[in-house]
Amino acid sequence: MDDSLTKRAAVVDTLPTVFGYLGIATAFGVIARASGFSTITVILMSVIIYAGSAQFTTVSMLAASSPIASIVFATFMVNSRMILMSTTVAPYFKKDSLGKGMLIGTLLTDESFALAMNKLNYTNGKMNFSWFNTENIISYSTWVIATMIGALLGNFIEDPKKLGLDFANVAMFIGLLYLQVNSDKALNKTLQVIVVLLTLVLTYISTIILPASLVIIAVTLIGCTLGMVIKHVFF
């Protein structure tokens with residue numbers, strides 16, 4: 001990764017995350033097919049919903065014949081963290097048109113957000129539509145194609161977890177976290193490690209006392225607040 005914000009640079013920067021998308025989206029396709037949905041329905045879920053964990057939630061609730069209103073609400077709650085991410089990204093596109101801003105927000109994912117935040121370490125805090133949009137399109141295309149592959153393989157793979165596909169996304173985020181800590185020169189490394197460990201503890205506690213759909217939002221808000229306090233008091 002370097003300081004270039006061209007489309008070519010975006011392709012190179014995004015390629016490492018493609019493997020994570022391939023694993024989790026293929027797993028989704030297999031699981032959705034195993035739940036009784038047709039191949040075209042599974043593919044359309046990724047084309048239209050494009051919401052990662054929310055798609056797994058949607059499939060499980062549809063298979064259980066849950067009310068549509070409940071499914072819509074659950075999907076919103078699971079993906080509500082995107083409000084925080086979009087708010088963080090928005091200032092970088094103030095000079096762009098509303099349409100471009102909406103396109104960035106529509107295709108924004110946890111992975112593309114994390115990658116963009118890491119990219120800022122190399123560009124002195126600069127970002128543009130061309131780089132971010134290219135990253136998003138590659139991610140979206142990979143997700144849809146991998147879902148199609150998973151849907152087609154669904155008749156032959158009974159349990160995708162046996163292949164380790166469910167760990168691909170976790171492995172990708174571990175890699176992105178390492179790159180973020182290693183490349184961010186603005187923050188003290190000790191501070192970053194403390195916040196990472198604090199986040200792990202908060203996540204563990206939150207999974208015990210909060211609904212799964214609220215864990216990410218709660219940990220993000222509490223973690224950011226505590227991180228800010230620790231930075232200003234001790235660093």
Side-chain angles (χ1 to χ4, degrees), residues 7 10-64 71-72 74-82 85-86 89 103-119 131-179 212-213 215-216:
K7 291 181 180 180
V11 173
V12 175
D13 294 337
T14 308
L15 283 180
T17 68
V18 165
F19 297 101
Y21 284 109
L22 287 173
I24 198 67
T26 300
F28 168 73
V30 172
I31 292 173
R33 282 290 289 125
S35 298
F37 296 95
S38 67
T39 300
I40 186 63
T41 299
V42 174
I43 295 172
L44 285 175
M45 283 185 183
S46 283
V47 172
I48 299 173
I49 301 177
Y50 186 49
S53 56
Q55 288 183 218
F56 286 92
T57 300
T58 300
V59 165
S60 62
M61 293 185 73
L62 284 173
I71 296 174
V72 172
T75 301
F76 172 78
M77 290 302 298
V78 170
N79 256 26
S80 57
R81 66 189 183 281
M82 292 301 165
M85 295 183 189
S86 296
V89 169
L103 184 59
I104 292 294
T106 299
L107 297 181
L108 183 67
T109 65
D110 298 298
E111 296 83 355
S112 64
F113 175 82
L115 190 62
M117 293 302 101
N118 187 40
K119 183 69 173 182
W131 186 92
F132 213 132
N133 187 54
T134 301
E135 177 206 2
N136 277 346
I137 290 176
I138 293 174
S139 301
Y140 177 66
S141 301
T142 302
W143 181 268
V144 173
I145 292 173
T147 297
M148 185 184 305
I149 294 172
L152 293 174
L153 293 176
N155 292 325
F156 309 101
I157 301 177
E158 296 181 358
D159 186 5
K161 292 184 178 180
K162 292 182 179 179
L163 301 178
L165 295 177
D166 56 324
F167 187 71
N169 218 32
V170 178
M172 179 180 62
F173 273 111
I174 292 175
L176 288 173
L177 176 61
Y178 169 77
L179 291 175
S213 60
V215 170
I216 295 179

*Apply ring-ring contact (aromatic ring centres under 6.0 Å, His included) to Phe56 and list each qualifying residue two or more places apart in sequence or on a separate chain.*
Phe28
*What's the spacing between Phe113 CZ and Met82 CE if we round to 0.5 Å?*
9.5 Å
*Please report the closest heavy-atom contact between Glu135 and Glu111, naming both atoms and the distance.*
OE2-O, 4.0 Å
*Go through the structure and list residues passing side-chain hydrogen bond (donor to acceptor under 3.5 Å, both in side chains) with Thr41, not counting sequence neighbours.*
Ser38
*asked:* Quick one: does any side-chain atom of Thr26 pair with a main-chain N or O of Leu22 as donor and acceptor, under 3.5 Å?
replied: yes
*Please identify each residue that fulfils side-chain hydrogen bond (donor to acceptor under 3.5 Å, both in side chains) with Thr147, with sequence neighbours left out.*
Ser46
*Can you name the ring-ring contact (aromatic ring centres under 6.0 Å, His included) partners of Tyr140, sequence neighbours left out?*
Tyr50
*Restricting to pairs with a member in residues 29-49, which pass salt bridge (Lys or Arg N to Asp or Glu O under 4.0 Å), not counting sequence neighbours?*
none
*Counting only N and O atoms by type, is there a donor-acceptor contact under 3.5 Å from the side chain of Thr17 to the main-chain atoms of Thr14?*
yes
*Student check: side-chain heavy atoms of Trp131 and Lys7 closer than 4.5 Å*: no
_Checking Leu103 now: which residues fulfil side-chain contact (heavy atoms from CB on, under 4.5 Å) with it, not counting sequence neighbours?_
Leu107, Phe129, Asn133
*asked:* Which residues pass the side-chain contact (heavy atoms from CB on, under 4.5 Å) test with Ile49, not counting sequence neighbours?
replied: Met45, Ala51, Gln55, Thr58
*Contacts of Ser141 that satisfy side-chain contact (heavy atoms from CB on, under 4.5 Å) - sequence neighbours left out*: Ile137
*asked:* So, using side-chain hydrogen bond (donor to acceptor under 3.5 Å, both in side chains) as the criterion, who are the partners of Ser139 when residues are at least two apart?
replied: Tyr21
*Grab the two heavy atoms, one from Met117 and one from Val89, that are nearest each other, plus how far apart they are.*
CE-CG2, 4.4 Å
*With sequence neighbours excluded, what pairs up with Met61 under the side-chain contact (heavy atoms from CB on, under 4.5 Å) test?*
Thr57, Ser66, Ser70, Ile71, Ala74
*salt bridge (Lys or Arg N to Asp or Glu O under 4.0 Å) contacts in which one or both residues fall within residues 42-63, not counting sequence neighbours*: none
_Interatomic distance, Phe37 atom CZ to Leu44 atom CG [nearest 0.5 angstrom]_ = 12.5 Å
_Between Met85 and Asp110, is there a side-chain heavy-atom distance shorter than 4.5 Å?_
yes
_For Ala10 versus Ile138, what's the shortest heavy-atom pair and its separation?_
O-CD1, 4.4 Å
